[in-house]
Amino acid sequence: MRARHLAPAALLLPFTLLLAACGGSSRAEGGGGTGSGTDGKGSLTLNVGDQKGGSEALLRAAGELDDLPYKIKWSTFTSGPPLLEAVNAGAVDVGAVGNTPPVFAAAAKSKIKVIAGSHSRSDGETILVKKDSPLKRPAQLKGKSVAVAQGSSAHYQLVTSLKKAGLTTKDVTLNYLQPADALAAFTRGKVDAWAVWDPYTSQALDQADARVLTTGQGLVNGLSFQVAAPAALDDKKKSAALKDYTDRLRRAQNWVFKHPDVWAKAWAKETGLPEKVALDAVKRTRGTAVAVAVDKAAIASEQQLVDSFAALKLIPRSFDFGEFVDPRFNGDLPPSGTAPRTYGKAH
């Protein structure tokens, strides 16, 4: 089904806003605009993979692209999986993704290394139903239809939510849909529920008559990562630039927490999100991130995703996630289990 046939255009986010958690398509955006330019100066160029409204927009808003002693060449991708394809191919040195794309890339034996992490609240990882739905708790999903992006963080959140309710994915009808198509199906009542992440959660609550059936809080790890090419890490100058780049991202995230309204306005302008939706998503999840070490606990948490997806036969094999981690930039960063920040009551 095509999204344009099912929902008002105003409800559909730009297709490029398939954020890091997403399963997604497999192409980079071409052409001009944000994400195809270069910042900084010097003889060294760091090739950075990004997503619409992602690292470039964040660093620019926080002033962290000023006085760069090296160049950053930006490439924009629709989602995490194609970005990691580019890392594997050596076309990109580093890029930001959610907790699930590295699992699928590593299962495919991609040449990747997780080098930095952040921990966010998981209130934006939700299973949504319509406000007038009779469904009140996850156990009532038995026999119902659920839209979800295959292989996404939302897929894992759905699996764990069902398990907690005593169900499995065999107890529901899964509709594998990317967010724009899922929003269309949800809006028209073609599915009973939708497992998704922010900012789609915030958008649906604001514009699609949705309510939260359950969230991923306490069920999913809330981690996201910077993933680098081993060749870049083996290059002494690029490795130093990667350290500086991850430091800038950490400072930018600190800035976001202190300036949620300013960032929400910049993010909305970059992505086409309504400002209210952007601010809701910032306060629910995006602004709560804390830079953390990619430590043994993080590896163990990701290993749970590996084993779950392997058991579901969504990846061809289980493997040791730790083999795809390089902890050299952990430094004095706090443990991966450090509590995310909060703006008070979940929005």
Side-chain angles (χ1 to χ4, degrees), residues 19-24 46-51 54-55 58 75 77 79-120 122 151-153 156 220-235 238-250 253 289-310 315 317-338 340:
L19 299 177
C22 177
L46 198 62
N47 295 299
V48 179
D50 197 17
Q51 297 176 59
S55 300
L58 176 66
S75 299
F77 295 82
S79 61
L83 191 160
L84 293 187
E85 289 174 18
V87 173
N88 176 57
V92 164
D93 295 317
V94 68
V97 297
N99 64 355
T100 306
V103 169
F104 282 78
K109 301 183 180 179
S110 296
K111 296 186 287 290
I112 62 167
K113 290 287 186 180
V114 174
I115 63 167
S118 63
H119 187 205
S120 306
S122 299
S152 66
S153 63
Y156 183 69
V220 298
N221 62 23
L223 295 173
S224 56
F225 300 109
Q226 293 293 323
V227 181
L233 290 165
D234 290 342
D235 182 304
K238 279 201 173 181
S239 181
L242 286 169
K243 171 67 165 65
D244 178 79
Y245 177 72
T246 57
D247 286 346
R248 288 172 188 267
L249 284 170
R250 175 177 48 78
Q253 189 62 55
V290 176
V292 294
V294 188
D295 54 16
K296 289 181 179 179
I299 293 169
S301 184
E302 286 294 294
Q303 190 66 46
Q304 291 181 11
L305 273 74
V306 171
D307 296 339
S308 294
F309 281 122
I315 58 175
R317 65 190 181 98
S318 188
F319 59 90
D320 180 1
F321 190 81
E323 293 179 359
F324 294 87
V325 171
D326 187 322
R328 72 177 70 181
F329 300 139
N330 279 349
D332 58 358
L333 286 171
S336 60
T338 301

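Keep in mind the model is a prediction, meaning the values are calculated, not measured. Side chains are part of it too, since the values below use all heavy atoms of this structure and drop only hydrogens, waters and symmetry mates.
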Exercise. Val325 and Glu302: side-chain contact (heavy atoms from CB on, under 4.5 Å), yes or no, with the steps?
Worked result: CA-CA 11 Å; Val325 171; Glu302 286 294 294; over 6 Å; no
Exercise. In terms of the angle between their ring planes, are Tyr156 and Phe309 parallel, tilted or perpendicular, with boundaries placed at 30° and 60°?
Worked result: tilted
Exercise. After noting the C-alpha distance and the side-chain angles of Thr100 and Ser152, does the key distance pass the side-chain hydrogen bond (donor to acceptor under 3.5 Å, both in side chains) rule?
Worked result: CA-CA 6 Å; Thr100 306; Ser152 66; over 6 Å; no
[X] versus [Y], closest heavy-atom pair with distance:
X      : Y      : value
Ser318 : Asp307 : OG-OD1, 2.9 Å
Leu242 : Ala232 : CD1-CB, 4.1 Å
Gly98  : Pro101 : O-CD, 3.8 Å
Arg328 : Leu233 : NH1-O, 2.9 Å
Ala298 : Ala293 : CB-O, 4.3 Å
Gly222 : Ser122 : CA-OG, 3.6 Å

Going by heavy atoms in the side chains, are [X] and [Y] under 4.5 Å from each other?
X      : Y      : result
Val92  : Phe77  : yes
Phe324 : Pro102 : no
Asp295 : Leu333 : no
Leu84  : Pro81  : no
Ser55  : Gln226 : yes
Val294 : Asn330 : yes

For this session: Just do the side-chain contact (heavy atoms from CB on, under 4.5 Å) check on Gln253 and Val290 with the steps written out, would you?
Result: CA-CA 7 Å; Gln253 189 62 55; Val290 176; over 6 Å; no
Atom [atom1] in [X], atom [atom2] in [Y]: separation rounded to 0.5 Å?
X      : Y      : atom1 : atom2 : result
Phe329 : Asp244 : CZ    : CG    : 10.0 Å
Ser239 : Asp93  : OG    : CG    : 11.0 Å
Gln51  : Leu83  : CD    : CG    : 6.0 Å
Ser153 : Asn221 : OG    : CG    : 9.5 Å
Arg248 : Leu58  : CZ    : CG    : 13.0 Å

Exercise. Checking Gln303 side chain against Phe319 main chain: does a donor-acceptor pair fall under 3.5 Å?
Worked result: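 Yes, Gln303 side chain to Phe319 backbone: donor-acceptor pair under 3.5 Å.
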Exercise. Does Ser308 reach the main-chain N or O of Gln304 with its side chain, forming a donor-acceptor pair under 3.5 Å?
Worked result: yes
Side chains of residues 104-116: which donor-acceptor pairs under 3.5 Å do they make with residues two or more places apart or in other chains?
residue, atom, partner, partner atom, Å
Ser110, OG, Ala105, O, 3.0
Lys113, NZ, Glu323, O, 2.8

